[in-house]
Amino acid sequence: MIDKIKSLLNEVEAFTTQTTDELEAFRIAYLGKKGKITALFSDFKNVANEEKKLVGQEINKLKNLAQDKVEFLKSQLVTQRTSSVGNDLTLPGEPVFKGSRHPISLVKNEISEIFKRIGFTISEGPEIEDDWHVFSALNFPEEHPARDMQDTFFIETNPDVLLRTHTSSVQVRVMDHQKPPIRTLSPGRVFRNEAISARAHCIFHQIEGLYIDKNVSFADLKQTLLYFAKEYFGEQTEIRLRPSYFPFTEPSAEVDVSCSLCGGEGCNVCKYTGWLEILGCGMVDPNVLEASGIDSSVFTGFAFGMGIERIAMLKYGIKDLRLFFENDQRFLEQF
Ligand code: DAH
């Protein structure tokens, strides 16, 4: 019996193949129901009692070796097959999943393009700002309650360092370095200490517009915004200006566009008013021009600011602002 096992061991050890058919034939011949190794187990009952322990161990060793051999050769044949498949240039390629732009970037780019067509440049400023550029130069008097309109994140150790609460700060930076005529659009991220909800977030995006030249009038502001509204929301769009207050503009207004979803008939998005508020604007306050060294007796200008998330929500019918920040692929893939 032991001799038989030894010779089978040698056979198993010596076996090798390049084909799966031969491998399967080997498996059946040795490990199958009527295989040579399986037969040893039936013969085992005839082994003398005192030899049973040794013979049993040897049979098991043989069986394990044969099983390991089959697994090893199988895996080798699989790797050989896939590597030869790699050389077949006629096979279709692996699919490449394309990313898509974030809806905030899409809206930002689209709005920028509309204003670029009428001569606006794009400008940027820092997100970490100082009091001067965010408040003082924009005519927010010291201790004025208007500063409470925006819940500012300050740096604890230095109250002059803060996260900008609006992109109006970029106006100041542009006016510091450029002489009129100025026509610029400043998109960017802003920060406010707000509780996060479906309608508010502590981080969001704005686009600021600024136009300064000789003889810029409120009529220019209105026409520019009407042009934008029609380009962005459709030719049939109308705008409406409501008087408002901002420290940096005088007079100031808030602008509504006719609801593009219901055409002004009234729906739950426009809360049955037919109008959607999209931005704040006004004529640049002479104090703001003077603070940046621009002669307000020669130059006038207008400014406006809008929230990108808000415009994106209106455009795509998105009900929850938090979706823009979660980076859930199921949401992002839709744009
Ligand atoms: N900075 C304002 C805000 O964050 C938006 C704004 C309103 C910008 C009127 C302007 C403007 O330039 O003229 O709420």
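One-based numbering, in listed order, for ligands and for the atoms of each.
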I want to know whether [X] and [Y] have ring centres closer than 6.0 Å.
| X | Y | answer |
| --- | --- | --- |
| F304 | F115 | yes |
| F218 | F302 | no |
| F204 | F191 | no |

Reference residue F15; test ring-ring contact (aromatic ring centres under 6.0 Å, His included); the match among F72, Y30, F26: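 Answer to the ring-ring contact (aromatic ring centres under 6.0 Å, His included) test with F15 among F72, Y30, F26: F26.
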Which of the numbered atoms in ligand 1 are below 4.0 angstrom from a heavy atom of [X]?
| X | result |
| --- | --- |
| Q206 | 3 (C), 4 (O) |
| A303 | 12 (O), 13 (O) |
| G282 | 13 (O) |
| T249 | 13 (O) |
| Q171 | 12 (O) |

Indicate, as side chain, backbone, both or neither, the part of [X] found under 4.0 angstrom from ligand 1 when only non-hydrogen atoms are considered.
| X | answer |
| --- | --- |
| F248 | side chain |
| M283 | neither |
| S168 | side chain |

Test applied, side-chain contact (heavy atoms from CB on, under 4.5 Å); reference residue, L138; option that passes from P247, S292, S168: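 It is S168, the one option of P247, S292, S168 that forms the side-chain contact (heavy atoms from CB on, under 4.5 Å) with L138.
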R310 and E277 ion-paired at < 4.0 Å: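 No salt bridge links R310 with E277.
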Check ion pair E110-R101 (N to O, under 4.0 angstrom):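 Salt bridge between E110 and R101, a charged N being under 4.0 Å from a carboxylate O: no.
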Close N or O approach (G209, ligand 1; < 3.5 Å):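 G209 vs ligand 1: no N/O contact under 3.5 Å.
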T165, any N or O under 3.5 Å of ligand 1 N or O: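 No; every N/O pair is 3.5 Å or more apart.
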Polar side chain donor-acceptor pair, D131 to S136, under 3.5 angstrom: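 D131 vs S136: donor-acceptor pair found between side chains.
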Residue-ligand contact R192/ligand 1, heavy atom below 4.0 Å: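 Yes, R192 has a heavy atom closer than 4.0 Å to ligand 1.
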